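Below is one structure, written out as structure tokens; the observations come after it.
As the structure is a computational prediction, the values presented were derived from the model and not from experiment. Reminder, nothing fancy here: chain letters follow the sequence lines and each chain counts from 1.
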2 protein chains.
Amino acid sequence: MVKITDVATAARVSAATVSRTLNNNEKVDPALAARVREAAERLGYRPNAVARNLRRQGTQVWALIITDINNPFFTALARGVEDVAQESGFSVLLCNSDEDIDKEARYLGVAEQERAAGVILSPRATTSDVSRLLASNIPLVAVDRGLGVSVDTVRADSVQGAVAATEQLLRRGWQRPACITGPADAETAEERHLGYQSVVRRLGLDEIVQHVRFQAEGGQQAVQALFDAAAPPDSLFVANSMLALGALAELKRRRLRVGRDIGLVTFDDAPWASLIHPTITVVAQPAYDIGAEAARILVQRIRKEGPTEPQQVLFGTELIVRQSCRRRKPHRSADTVPSTS
Amino acid sequence: MVKITDVATAARVSAATVSRTLNNNEKVDPALAARVREAAERLGYRPNAVARNLRRQGTQVWALIITDINNPFFTALARGVEDVAQESGFSVLLCNSDEDIDKEARYLGVAEQERAAGVILSPRATTSDVSRLLASNIPLVAVDRGLGVSVDTVRADSVQGAVAATEQLLRRGWQRPACITGPADAETAEERHLGYQSVVRRLGLDEIVQHVRFQAEGGQQAVQALFDAAAPPDSLFVANSMLALGALAELKRRRLRVGRDIGLVTFDDAPWASLIHPTITVVAQPAYDIGAEAARILVQRIRKEGPTEPQQVLFGTELIVRQSCRRRKPHRSADTVPSTS
DNA sequence: GTGAAAGCGCTAACAA
DNA sequence: TTGTTAGCGCTTTCAC
């Protein structure tokens, strides 16, 4: 492995000059600089980032810890983070906590030990322990879900989105909507539940809620539980697209026809939502923008610019009405049915 | 930031003893060890991994560079990598090259400079330049796609899968299958094309091929081109699920009914493939296993175990027949049509 | 079994 | 403008 002193020797200058040239920090004599670059090129020199990080007491790497790499919401968010990071000279270490509090803790530990320049975290629970990170003065931005402690947070308005979704079901004439959501200690799960709750309570309807893991299997289990029960719902508000995947599969298995026998609205406009039959009515979140905004805030924190108090950014959501919330019978041929929305 | 000397002072021992205790390498007097652990705990000491890496001349971090984070195939593969890495004490830095040769090069550079313990790469093209990495003696395993140079490679048998897919279309009575695939310099794209080609040539059929970007937009464009042409195909073999997403959207827009007007088989069993209408016939790859196997090989390389010559692992694929390759008309109500397969 | 001391490769303060 | 020097925090001989 060729190192800086090898380049220095080859270019007949000191290591400091090589460093200065390659970091083009200070003015170096063009002739020397040329010799340095030529030597570095010829020897195939790659600066050792580990040594540089140690000396500089800091890295150029972020940890982005998300709860589910299979969820298109998070991959879109990750792209938003990545694009802004790239522009600002940072690399992104993407970690999948898999909705597992231990994995999350492990990754937070790695981020701390590797002295990440910053962390963007989608917390598994509001009680996720980030105290060590804060104690280490590593800037942290929470995305999608908030934390018990006060940190920069970027998310969408889950309550409002859930209200809109539930009201849409009722507007279409459904009368017994149930809510399938994630674990109660995950902020998005609870807020979407609360939005649903506020609507059904206001109208004096039964509150029917299933808390399950935020994964396809959870959605499947929830549908099983709901429709094996004595008084099944007539429609579903589903809190994210992974749950929807499982729920739809199970409904299909039971030959319950969405948009006819059953109404359905789900959070997140997954790529397949407009493709399946019937097309799915969704509450879309600006996932990419959430990630990009979180990244912008993180850059500010690292550079110690901007406001000192924690920022709270709340994006709006958009209800995209498609076929799955319909109640009346569709035409004969499903393929040619225009959306009734 | 508390460092090892602070712990040493607090525990009234030397830094060396703290290091030995915390790495439980050598035998340390239990009494001292207890004092060290107590002090480390009390002060909230976190070893600085950057310093450790420099001293040890190596890291515990892998770079996993994939071409599309939105593609469920790659996220499943990533989970396979991650699980094995975790078991073996490594962390995985996931990088999304986004089918962009420059981004890929940038990430390869980062992996090299950060002295990654190993790299798993899904090469954008067979000509992707990994020479620097090899020169730095960083173990490299190619996944999904091969490279021009001879390195450990783990992938599925694309040719065989493409042959099976194309034959399935013909078996169902389709007579003008087209192939929608990725850029010709991506190995999977070309092999899937070749599999298709071998079948249509053998039968003397027209070879109708669209090379596009391996993304949803590409699939859309390909369908536009194919069906705006003078002699459109009657069926499609699509080389991955992202292309399929775009192709299906465009077919839907054109009111071409898959499984009736148009036959379709695609690579990759995406989560939505069995959910949409009609359900999609796919060539499934063992994505998780490919990732896990690549990770196992990488561990071997890092530990300098196992065979010295490059390993080539080829997984089989599985044709899962569903509705989208049908030709005869389905029953009236699409929801209750049983699969004809 | 423990401590002293060297040094991983780089950058930044200080001298020249 | 350039070189000399110190030192980032840790691990690992080497001597005791």
Side-chain angles (χ1 to χ4, degrees), chain A residues 1-37 39-40 43-61 89 109-110 112-117 136-138, chain B residues 1-37 39-40 43-61 89 109-110 112-117 136-138:
Chain A
M1 200 85 253
V2 28
K3 48 192 156 186
I4 200 168
T5 50
D6 300 329
V7 178
T9 307
R12 305 188 309 282
V13 295
S14 71
T17 299
V18 177
S19 175
R20 283 190 279 251
T21 305
L22 266 31
N23 292 299
N24 32 282
N25 291 336
E26 307 176 39
K27 31 221 118 270
V28 177
D29 184 273
L32 288 197
R35 281 215 318 263
V36 167
R37 286 187 210 287
L43 300 179
Y45 171 66
R46 295 281 133 154
N48 183 326
V50 176
R52 179 173 0 98
N53 292 340
L54 177 60
R55 174 60 230 227
R56 288 200 179 149
Q57 294 284 82
T59 66
Q60 295 290 100
V61 176
V110 171
E112 189 191 358
Q113 297 200 192
E114 298 284 350
R115 302 298 191 263
S136 302
N137 276 316
I138 296 179
Chain B
M1 202 81 255
V2 27
K3 48 192 150 183
I4 200 168
T5 51
D6 299 329
V7 178
T9 308
R12 305 189 309 283
V13 295
S14 71
T17 298
V18 177
S19 174
R20 283 191 277 251
T21 304
L22 267 30
N23 292 299
N24 32 281
N25 290 336
E26 306 176 37
K27 31 222 119 267
V28 178
D29 184 276
L32 288 196
R35 282 216 314 264
V36 167
R37 287 186 211 286
L43 300 179
Y45 171 65
R46 295 281 132 153
N48 183 325
V50 176
R52 177 169 9 91
N53 293 340
L54 177 60
R55 174 61 231 228
R56 286 202 179 146
Q57 294 286 81
T59 67
Q60 296 289 101
V61 176
V110 171
E112 189 190 358
Q113 297 199 191
E114 297 284 348
R115 302 298 190 262
S136 302
N137 276 316
I138 297 178

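- Under the side-chain hydrogen bond (donor to acceptor under 3.5 Å, both in side chains) criterion, A:Gln113 pairs with no residue at all, not counting sequence neighbours.
- Looking at heavy atoms from C-beta onward, A:Arg115 lies in side-chain contact with B:Asn48 at the 4.5 angstrom threshold.
- A:Val50 comes within 4.0 angstrom of no nucleic acid atom, judged by non-hydrogen atoms across all strands.
- In this structure, B:Asn23 reaches the sugar-phosphate backbone alone: every heavy-atom distance under 4.0 Å involves primed, P, OP1 or OP2 atoms, never a base.
- Residue A:Glu114 holds its CD atom at 7.5 Å from OG1 of B:Thr59, rounded to the nearest 0.5 Å.
- Extent of DNA chain D lying under 4.0 Å from chain A heavy atoms, first and last nucleotide in 5' to 3' order, is D:dT1 to D:dG9.
- No side-chain heavy atom of A:Leu32 sits less than 4.5 Å from a side-chain heavy atom of A:Thr21.
- Here the CG-CG distance, from B:Asn53 to A:Asn53, works out to 9.5 Å after rounding to the nearest 0.5 Å.
- For the pair B:Ala8 and B:Ser14, the tightest heavy-atom approach, listed with the atom from each and the gap, is CB-C, 3.6 Å.
- Taking the screw axis at each terminus of the helix from C:dG1-D:dC16 to C:dA16-D:dT1 from five consecutive base pairs, the angle between the two is 40° to within rounding of 10 degrees.
- Protein chain A touches strand DNA chain C; the 5'-most and 3'-most nucleotides with an atom under 4.0 angstrom of its non-hydrogen atoms are C:dG9 to C:dA13.
- Annotation: proximity of residues 6-17 of chain B to DNA chain C (heavy atom, distance under 4.0 Å) is found for B:Val13, B:Ser14, B:Ala16, B:Thr17, numbered in ascending order.
- A search for salt bridge (charged side-chain N to carboxylate O under 4.0 Å, His left out) contacts involving B:Arg46 returns A:Glu112, not counting sequence neighbours.
- A pairwise comparison of heavy atoms in A:Val7 and A:Val36 identifies CG1-O, 4.0 Å as the closest pair.
- Atom CG of A:Asp29 is separated from atom CZ of A:Arg20 by 12.0 Å, given to the nearest 0.5 angstrom.
- Distance check: B:Leu22 CG to B:Thr17 OG1 gives 11.0 Å after rounding to the nearest 0.5 Å.
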